[in-house]
Number of protein chains: 2
Amino acid sequence: MEELDVFDLRLLAAIQAKGDMTQAELSEIVHLSPTQCARRLQRLRTDGYVRDIVAILDPERLGINIIAHTLVGLRNHDDETGKAFRGFIEAADEVVECWSQTGDADYLLKIMVKDLGELASLIERLITAVGGFASLRSFVALKAIKRTTTVPIRA
Amino acid sequence: MEELDVFDLRLLAAIQAKGDMTQAELSEIVHLSPTQCARRLQRLRTDGYVRDIVAILDPERLGINIIAHTLVGLRNHDDETGKAFRGFIEAADEVVECWSQTGDADYLLKIMVKDLGELASLIERLITAVGGFASLRSFVALKAIKRTTTVPIRA
DNA sequence: CCGCTTGCGCATGTTTCTTGCGCGGCGATT
DNA sequence: AATCGCCGCGCAAGAAACATGCGCAAGCGG
């Protein structure tokens with residue numbers, strides 16, 4: 001629970017870039033013995049610095065050709081509407097991320113689908129599920145994914 | 001390079017949720033021998049289905065309290081401006097994702113910073129780096145992260 | 001100045017991974 | 001309809017990676 005030193009930061013940066021490295025490989029990066037790398041990594045994990053380790057799949061390879069970011073503004077801000085919205089988001093596999101916003105819109109959704117038809121279908125279902133919106137504006141990136149960078153987060 | 005069967009999909013879904021499972025654990029999930037799990041996983045990897053395996057760190061634990069989504073519209077769409085913008089994004093560690101957009105704005109940035117000061121500083125630097133914008137609208141989520149779901153992607 | 005604590009690297013036992021092998025099912029060719 | 005060849009499966013042994021106990025050295029407080 002203490003402060004992180006330079007070795008910890010190097011470890012975190014390393015596993016954030018590549019999470020399946022062996023202790024020996026980590027050892028060469030952070031300049032620490034393999035044993036110590038393992039120990040510190042375990043401590044970082046139990047202390048909650050590492051949320052989890054996941055595989056990033058290739059969207060195109062799986063037929064995911066459209067990644068859309070959609071701003072959603074709810075007409076009513078009562079509990080009922082919010083609950084319906086949350087429920088829909090929770091159940092929809094196409095919605096990969098859901099962020100609460102301040103400003104013009106209430107939520108920002110990140111949606112991954114195969115084609116425009118699926119996207120339209122999703123939006124349609126969302127509208128009917130919640131029962132109409134004051135504003136629904138979609139910013140669709142038509143195969144126009146420039147890049148998705150995941151840079152090391154340093155404290 | 002062939003089609004994926006139900007075992008492959010189960011494997012992908014499993015490692016997408018938890019990427020550091022042992023072969024024995026995977027075996028129980030997909031109902032296949034550990035050896036075969038390993039072999040199929042290797043094939044999926046060499047065939048490009050698995051982009052990479054990364055560790056997801058806890059932002060708050062690292063002092064990242066603000067996750068902002070910012071829409072950026074470039075004033076000029078010439079090569080020079082675009083190159084300056086790309087260069088800045090590439091160098092800025094705070095910018096975690098950068099999506100090209102169609103519609104009102106040109107880019108959607110996902111920014112992770114410690115506090116509002118850092119965010120303001122980043123925006124300031126971005127503006128000076130590219131040399132002014134036609135429109136720069138920021139949607140800041142003030143500790144208002146509702147949830148970040150990563151659901152299994154099924155083909 | 002001494003003893004305690006903490007973090008380090010080494011070595012060993014254990015788990016996990018990899019790879020060669022034989023078996024069985026399924027489609028194609030005749 | 002029978003056989004041949006191919007592909008995917010599980011098993012087992014060798015290899016690699018991991019976990020843990022130990023002694024040592026540095027930093028700190030008494």
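So that the names make sense, note that chain A is the first sequence line, chain B the second, and so on, each numbered from 1.
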Checklist outcome for this item: Applying side-chain hydrogen bond (donor to acceptor under 3.5 Å, both in side chains) to A/Arg40 and not counting sequence neighbours gives A/Asp5, A/Asp8
Next on the checklist: Distance check needed: C/dT16 P versus B/Asp20 CG, whole Å only.
Outcome noted: 13 Å
Each nucleotide N or O in nucleotides 18-22 of chain C that has a protein N or O under 3.5 Å away: list the pair and distance.
residue: C/dT18; atom: OP2; partner: B/Gln23; partner atom: NE2; Å: 3.3
residue: C/dG20; atom: O6; partner: B/Arg39; partner atom: NH2; Å: 3.2

Next on the checklist: If we check side chain to side chain donor-acceptor pair (under 3.5 Å) with A/Glu94, which of these qualifies: A/Lys110, A/Lys114, A/Arg125?
Outcome noted: A/Arg125
Next on the checklist: Is it the case that the side chain of A/Arg61 and the backbone of B/Gly48 share a donor-acceptor pair, with hydrogens and angles ignored and the cut-off at 3.5 Å?
Outcome noted: no
Checklist entry - Quick one: B/Leu41 CG to D/dC9 P, roughly how many Å, whole number? => result 13 Å
Item to check | Protein-nucleotide distance (B/Arg43, atom CZ; D/dC7, atom C1'), rounded to Å | outcome: 12 Å
Item to check | Value in whole Å for how far the C1' atom of D/dC9 lies from CG of B/Asp8 | outcome: 14 Å
Next on the checklist: Rounded to whole Å, how long is the line connecting atom CG of A/Leu32 with atom C1' of C/dC10?
Outcome noted: 14 Å
Checklist outcome for this item: A/Thr22 meets the side-chain hydrogen bond (donor to acceptor under 3.5 Å, both in side chains) criterion, sequence neighbours left out, with none
Checklist outcome for this item: The side-chain contact (heavy atoms from CB on, under 4.5 Å) partners of A/Asp115 (sequence neighbours excluded) come to A/Glu118
Item to check | All salt bridge (charged side-chain N to carboxylate O under 4.0 Å, His left out) counterparts of B/Arg39, not counting sequence neighbours | outcome: none
Checklist outcome for this item: Sorted by chain and residue number, the side-chain contact (heavy atoms from CB on, under 4.5 Å) partners of A/Glu28 (sequence neighbours excluded) come out as none
Item to check | Listed nucleotide nearest any side-chain atom of A/Arg40, set C/dC17, D/dG10, C/dC8 | outcome: C/dC8
Item to check | Pairing residues for A/Ser33 by the side-chain contact (heavy atoms from CB on, under 4.5 Å) criterion, not counting sequence neighbours | outcome: A/Thr35, A/Gln36
Checklist outcome for this item: Residue set satisfying salt bridge (charged side-chain N to carboxylate O under 4.0 Å, His left out) with A/Asp20, at least two apart, ordered chain then number -> A/Lys18, B/Arg45
Checklist outcome for this item: Rounded to whole Å, CD of B/Gln36 lies from C1' of D/dC9 at a distance of 5 Å
Checklist outcome for this item: With sugar-phosphate taken as primed atoms, P, OP1 and OP2 and all else as base, the protein-contact string of nucleotides 23-28 of chain D at under 4.0 Å (heavy atoms; B, S, -) is ------
Item to check | Separation of C/dC17 C1' from B/Met21 CE (nearest whole Å) | outcome: 16 Å
